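Here the structure comes first, spelled out in structure tokens, and everything after it is commentary.
Each chain gets a letter, A, B and so on, in the order its sequence line appears, and its residues count up from 1. Predicted model, so just to flag it, every value in this text is computed and none were measured.
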Protein chains: 2
Amino acid sequence: MQIKNMIEEKNLKVTTARKELLEILSSEKKPLSFEDIKDKISMDKATFYRNISKFESESMVNSFESNDKKRYYEIQEFPHAHFICNGCSNIECLENAPLPKLDGYTIMDVIYKGMCKSCNATQ
Amino acid sequence: MQIKNMIEEKNLKVTTARKELLEILSSEKKPLSFEDIKDKISMDKATFYRNISKFESESMVNSFESNDKKRYYEIQEFPHAHFICNGCSNIECLENAPLPKLDGYTIMDVIYKGMCKSCNATQ
DNA sequence: TATGCTAATGCAACTAAGTTGCATTTAAGT
DNA sequence: ACTTAAATGCAACTTAGTTGCATTAGCATA
């Protein structure tokens, strides 16, 4: 069972809350906000934030804020860029767009903002 | 006086609060958070947010959230990428890095996250 | 399988960003 | 100067995220 292994690999205690949280994040293809998640979890929000924060420092989870001023969390399976549409506010994972290079910097995450394909088409 | 003109160009009323806010944003080279600004302004925070929101919809101001979970605002003179360092949390305006292209999308803003030059050097 | 230690959790209280309704004020055209 | 709609200040509110503390639950050891 991969969720349990993910936690053990980082030498973290395998708790019900952690399994539940990673289960939800990995079952969705899209980044989720706390609002998206809160009704699906049984843990307290303090536990949610403490675990998210631990997952982030262990590079298991990545987060960024979208146009709606909400923070979105996702499992960091492999680094990929995100596109946030200023038109429809949709978030897309650009799994085929390679992370760009920038001299002297190490780029670990990229967020593009603008108009997505369908908003451009129907503009 | 360019601040007054900036406001008039968008057919907005030239108020003390708007002039003050744009004055502060344009006097800094870096994006500023509400916390950075709040002690420098005399307007109420409701007025601050209402004006920021109006400026954003008129494309006079751009905003994004940083690693510290605070939103940063800046005058949008010309579009440019930002680099947020996961090490030192510093925000850099990459004025010479052109916005990348992405087929079918219109990219209006880019945020890179990772390690900046000096954090890479001293690591 | 029982024991014990530490980390994880739940709860409550808190902080701070951002929003909204409403009464008052002010910019700007006549 | 007069008028009117828009902008402002104030207060109350919502919600994300944090923190302290008492309790609980992993997990290693015996």
Side-chain angles (χ1 to χ4, degrees), chain A residues 1 3-25 31-58 60-74 84 89 91, chain B residues 1 3-25 31-58 60-74 84 89 91:
Chain A
M1 195 239 220
I3 295 287
K4 190 163 174 279
N5 291 345
M6 275 181 62
I7 305 171
E8 284 170 339
E9 265 174 25
K10 302 292 180 178
N11 293 313
L12 299 177
K13 281 193 186 175
V14 181
T15 65
T16 333
R18 286 178 182 162
K19 279 187 287 181
E20 186 185 29
L21 184 49
L22 290 176
E23 212 91 59
I24 289 167
L25 286 174
L32 299 174
S33 66
F34 172 64
E35 199 188 17
D36 295 332
I37 298 172
K38 67 177 177 196
D39 292 333
K40 300 178 179 171
I41 54 175
S42 48
M43 78 197 76
D44 187 75
K45 68 174 178 168
T47 305
F48 170 84
Y49 285 114
R50 279 188 283 230
N51 277 326
I52 281 285
S53 160
K54 184 140 280 186
F55 291 160
E56 288 202 74
S57 64
E58 295 289 344
M60 302 163 74
V61 162
N62 177 38
S63 82
F64 56 91
E65 168 166 295
S66 184
N67 283 351
D68 59 8
K69 300 193 175 86
K70 283 183 205 151
R71 186 158 277 266
Y72 284 78
Y73 306 93
E74 71 171 353
I84 300 175
S89 287
I91 302 172
Chain B
M1 196 241 218
I3 296 286
K4 189 164 176 275
N5 291 345
M6 276 181 62
I7 305 171
E8 284 170 340
E9 266 174 24
K10 302 292 180 178
N11 293 314
L12 299 177
K13 280 195 186 174
V14 181
T15 67
T16 332
R18 285 179 181 161
K19 279 187 287 181
E20 187 185 28
L21 185 48
L22 290 176
E23 212 91 59
I24 289 166
L25 287 174
L32 299 174
S33 67
F34 173 63
E35 201 188 15
D36 295 331
I37 298 171
K38 68 178 177 194
D39 292 333
K40 300 178 181 173
I41 54 175
S42 49
M43 79 197 74
D44 187 75
K45 68 173 178 169
T47 305
F48 170 84
Y49 285 113
R50 280 188 283 230
N51 278 325
I52 281 285
S53 161
K54 184 139 282 186
F55 291 160
E56 287 203 73
S57 64
E58 296 290 344
M60 302 161 74
V61 162
N62 177 38
S63 82
F64 56 90
E65 169 167 293
S66 183
N67 283 353
D68 59 8
K69 301 193 175 88
K70 284 184 206 150
R71 186 157 277 266
Y72 284 77
Y73 307 94
E74 70 172 353
I84 300 175
S89 288
I91 302 171

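When heavy atoms are screened at a 4.0 angstrom cut-off, Lys45(B) is found touching base atoms of the nucleic acid. Within 4.0 Å of Ala46(A), counting heavy atoms only, lies at least one base atom of the nucleic acid. Residue Tyr72(A) is classed as having no contact, given no heavy-atom separation below 4.0 Å to the nucleic acid.
Heavy-atom minimum distance, Tyr72(B) versus Ser33(B): CD2-N, 3.5 Å.
At distances below 3.5 Å, at least one donor-acceptor pair connects side-chain atoms of Arg18(B) with backbone N or O atoms of Lys13(B).
Rounded to an integer number of Å, the gap from CZ of Phe48(B) to P of dT20(C) is 16 Å. Between the P atom of dA25(D) and the NZ atom of Lys19(A) lies a distance of 13 Å, rounded to the nearest Å. Protein atom CZ of Phe55(B) is 16 Å distant from nucleotide atom P of dG18(C), rounded to whole Å. As a whole-Å value, the separation of Tyr49(B) OH from dG18(C) P is 4 Å. The distance from atom CE of Met43(A) to atom P of dC11(C) is 13 Å, rounded to the nearest whole Å. Put simply, CG on Asp68(B) is 15 Å from C1' on dT18(D), counting in whole angstrom units. If you take CD of Glu65(A) and C1' of dA16(C), they are 14 Å apart, rounded to a whole angstrom. Regarding Glu20(A), its CD atom lies at a distance of 17 Å from the C1' atom of dG26(D), rounded to whole Å.
The shortest side-chain heavy-atom distance between Arg71(A) and Lys69(B) falls under the 4.5 Å cut-off. In this structure the side chain of Lys70(B) never reaches within 4.5 angstrom of the side chain of Asp36(B), judged on heavy atoms. By the 4.5 Å heavy-atom criterion applied to side chains, Ile91(B) and Ser66(B) are counted as neighbours. The side-chain heavy atoms of Ile52(B) and Leu25(B), taken from C-beta on, include a pair separated by under 4.5 Å.
Comparing Asp44(B) and Lys69(B) by the nucleotide of DNA chain D whose heavy atom lies nearest to each, the residue mapping closer to the 5' end is Asp44(B). Two residues, Lys13(A) and Thr47(B), neighbour DNA chain D, and the one matched to the more 5' nucleotide by heavy-atom proximity is Thr47(B). If you find the closest nucleotide of DNA chain C to Leu12(B) and to Thr16(A), the one lying nearer the 5' end belongs to Thr16(A). Between Asn51(A) and Thr15(B), the residue anchored nearer the 5' end of DNA chain C, judged by the nucleotide with its closest heavy atom, is Asn51(A).
Between its two ends, the helix from dT1(C)-dA30(D) to dT30(C)-dA1(D) turns its axis by 30°, counting five pairs per end and rounding to 10 degrees.
Applying the 3.5 Å distance criterion, the base of dG9(D) shares a donor-acceptor pair with the side chain of Arg50(B).
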field: Pair Glu58(B)-Lys54(B), salt bridge (Lys or Arg N to Asp or Glu O under 4.0 Å): steps then yes or no
entry: CA-CA 6 Å; Glu58(B) 296 290 344; Lys54(B) 184 139 282 186; over 6 Å; no
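Relative orientation of the Tyr73(B) and Tyr49(B) rings is perpendicular, given thresholds of 30° and 60° on the angle between their planes.
Closest approach to the Lys54(A) side chain among dA8(C), dA28(C), dG9(D) is made by dA8(C) (side chain taken as heavy atoms from C-beta onward). For Ala17(A), the listed nucleotide lying nearest its side chain is dT9(C); candidates were dT9(C), dG17(D), dA28(C).
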